[in-house]
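All values reported here derive from a predicted model rather than from experimental measurement.
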Amino acid sequence: MDPSKFGSTLSDLAFGSAMGAAARDYKKEMLAAEKQSTKEAAPEVDLDELMDDPELERLHADRIASLKREAEKRQVLQRQGHGEYREVAEEDFLGEVTGSDKVVCHFYHREFFRCKIINKHLKALAPKHFETKFIMVDAEKCPFFVSKLKIKTLPCVILFRNGIASERIVGFEELGGVDDFPTATLEKLLIKKGILIVPEKKVEDDYGQTRIRTTTYEDSDSE
């Protein structure tokens with residue numbers, strides 16, 4: 001082998017090793033600098049100081065009080081028959097529609113196919129919209145109120161606010177005129193009429209705290 005070429009090869013290998021070592025050292029320095037920058041940007045939090053923060057204690061106490069009020073309100077509504085879709089008799093009708101701020105009442109006939117469709121959808125909505133009471137009344141067994149409310153076509157869903165019949169949904173005309181409409185179609189119509197509230201959504205704020213946000217009807221309609 002040519003001695004001059006052998007010497008050149010050794011020089012190249014030595015140069016390559018030096019460059020590799022330099023690259024490794026540079027990488028280590030960059031990682032060290034990055035770690036130092038991260039430490040400076042995000043200083044350690046003293047948990048003891050947070051525990052003694054009056055503002056955080058106040059926010060925690062407010063949250064606990066809010067949850068307690070919500071639980072108490074839910075218990076009251078549950079005692080009033082909210083959260084389920086129930087049938088009520090004629091003698092109980094007035095007490096049911098005047099006992100809650102918002103009531104959805106379906107006057108139905110047992111043999112009518114479209115009444116069964118409405119029953120299916122209202123049964124699905126009742127536990128979802130706890131703030132509103134959902135009841136059904138057999139029109140054949142409630143002739144006095146059928147006459148009093150001038151009900152001529154079934155299914156007929158009457159919306160009561162503070163014991164007063166404010167609006168009604170008769171047949172399926174406002175539901176697209178078809179039998180296979182989804183529950184969401186009836187839900188959005190009831191929201192639009194103001195008898196239901198748009199379902200609340202849980203969102204996290206900038207501090208990682210879970211908040212409840214009530215969207216608008218337009219938000220619900222766009223989903």
Side-chain angles (χ1 to χ4, degrees), residues 70-201 214-217 219-221 223:
E70 290 175 8
E72 291 173 347
K73 180 180 179 181
R74 190 175 182 88
Q75 289 176 356
V76 171
L77 292 176
Q78 193 168 18
R79 287 196 294 269
Q80 294 174 350
H82 290 238
E84 59 180 337
Y85 183 46
R86 302 175 294 111
E87 181 162 3
V88 301
E90 185 174 45
E91 59 268 25
D92 300 322
F93 177 76
L94 276 180
E96 291 286 355
V97 298
T98 59
S100 298
D101 295 338
K102 296 179 180 181
V103 180
V104 174
C105 179
H106 175 212
F107 283 85
Y108 77 100
H109 190 287
R110 293 183 179 278
E111 301 300 325
F112 289 4
F113 177 68
R114 284 194 163 185
C115 289
K116 294 178 181 179
I117 293 175
I118 291 292
N119 281 337
K120 178 188 71 172
H121 294 306
L122 293 181
K123 184 177 181 180
L125 291 174
K128 183 178 180 182
H129 293 274
F130 209 86
E131 77 285 349
T132 300
K133 180 187 290 183
F134 289 78
I135 58 176
M136 57 181 173
V137 176
D138 188 333
E140 286 190 316
K141 297 180 180 180
C142 194
F144 176 79
F145 289 107
V146 167
S147 174
K148 191 75 174 176
L149 293 167
K150 297 180 172 57
I151 298 172
K152 300 183 182 301
T153 303
L154 300 179
C156 180
V157 178
I158 299 184
L159 315 180
F160 291 86
R161 292 185 180 85
N162 300 313
I164 299 174
S166 57
E167 290 187 74
R168 63 183 64 197
I169 302 171
V170 180
F172 284 10
E173 183 177 348
E174 293 184 84
L175 298 165
V178 296
D179 292 349
D180 59 348
F181 65 88
T183 302
T185 298
L186 177 58
E187 180 182 32
K188 289 179 181 179
L189 178 59
L190 293 174
I191 289 172
K192 189 175 183 180
K193 291 181 178 295
I195 203 69
L196 299 185
I197 298 173
V198 179
E200 295 176 331
K201 294 184 177 181
T214 301
T215 57
T216 63
Y217 171 71
D219 291 334
S220 175
D221 193 46
E223 293 179 353

Report the residues that fulfil side-chain contact (heavy atoms from CB on, under 4.5 Å) with [X], sequence neighbours left out, ordered by chain and then residue number.
X: A124; result: T183
X: D179; result: F113, R114, I117, F172
X: T185; result: L175, F181, P182
X: K120; result: none

Taking atom [atom1] of [X] and atom [atom2] of [Y], what is their separation to the nearest 0.5 Å?
X: E96; Y: S100; atom1: CD; atom2: OG; result: 7.5 Å
X: I195; Y: L189; atom1: CD1; atom2: CG; result: 11.5 Å
X: K188; Y: L186; atom1: NZ; atom2: CG; result: 12.0 Å
X: E140; Y: H109; atom1: CD; atom2: NE2; result: 3.5 Å

Contacts of E87 meeting salt bridge (charged side-chain N to carboxylate O under 4.0 Å, His left out) (sequence neighbours excluded), chain-then-number -> R110
For K123, enumerate each residue passing the salt bridge (charged side-chain N to carboxylate O under 4.0 Å, His left out) test, keeping only those at least two apart in sequence or located in another chain. none
Check K102 with E131, please: is the shortest side-chain N to carboxylate O separation under 4.0 Å? no
Looking at residues at least two apart in the chain, or sitting in another chain, which of them share a side chain to side chain donor-acceptor pair (under 3.5 Å) with K128? E187
Side-chain contact test, heavy atoms from C-beta onward, threshold under 4.5 Å: evaluate it for [X] versus [Y] and give yes or no.
X: I118; Y: F112; value: no
X: L190; Y: L125; value: yes
X: L122; Y: M136; value: no

Please determine whether the number of non-hydrogen atoms from other residues, nucleotides or ligands lying under 6.0 Å from atom CD of E173 exceeds 12. no
Residue pair F93 / C105: nearest heavy atoms and the distance that separates them: CE1-SG, 3.7 Å
Result block: side-chain N/O donor-acceptor pairs under 3.5 angstrom for residues 143-162, not counting sequence neighbours:
unit_1 : atom_1 : unit_2 : atom_2 : d
R161   : NH1    : S166   : OG     : 2.5
R161   : NH2    : K193   : O      : 2.1

Under the ring-ring contact (aromatic ring centres under 6.0 Å, His included) rule, collect the residues that match up with Y108, sequence neighbours excluded. H106
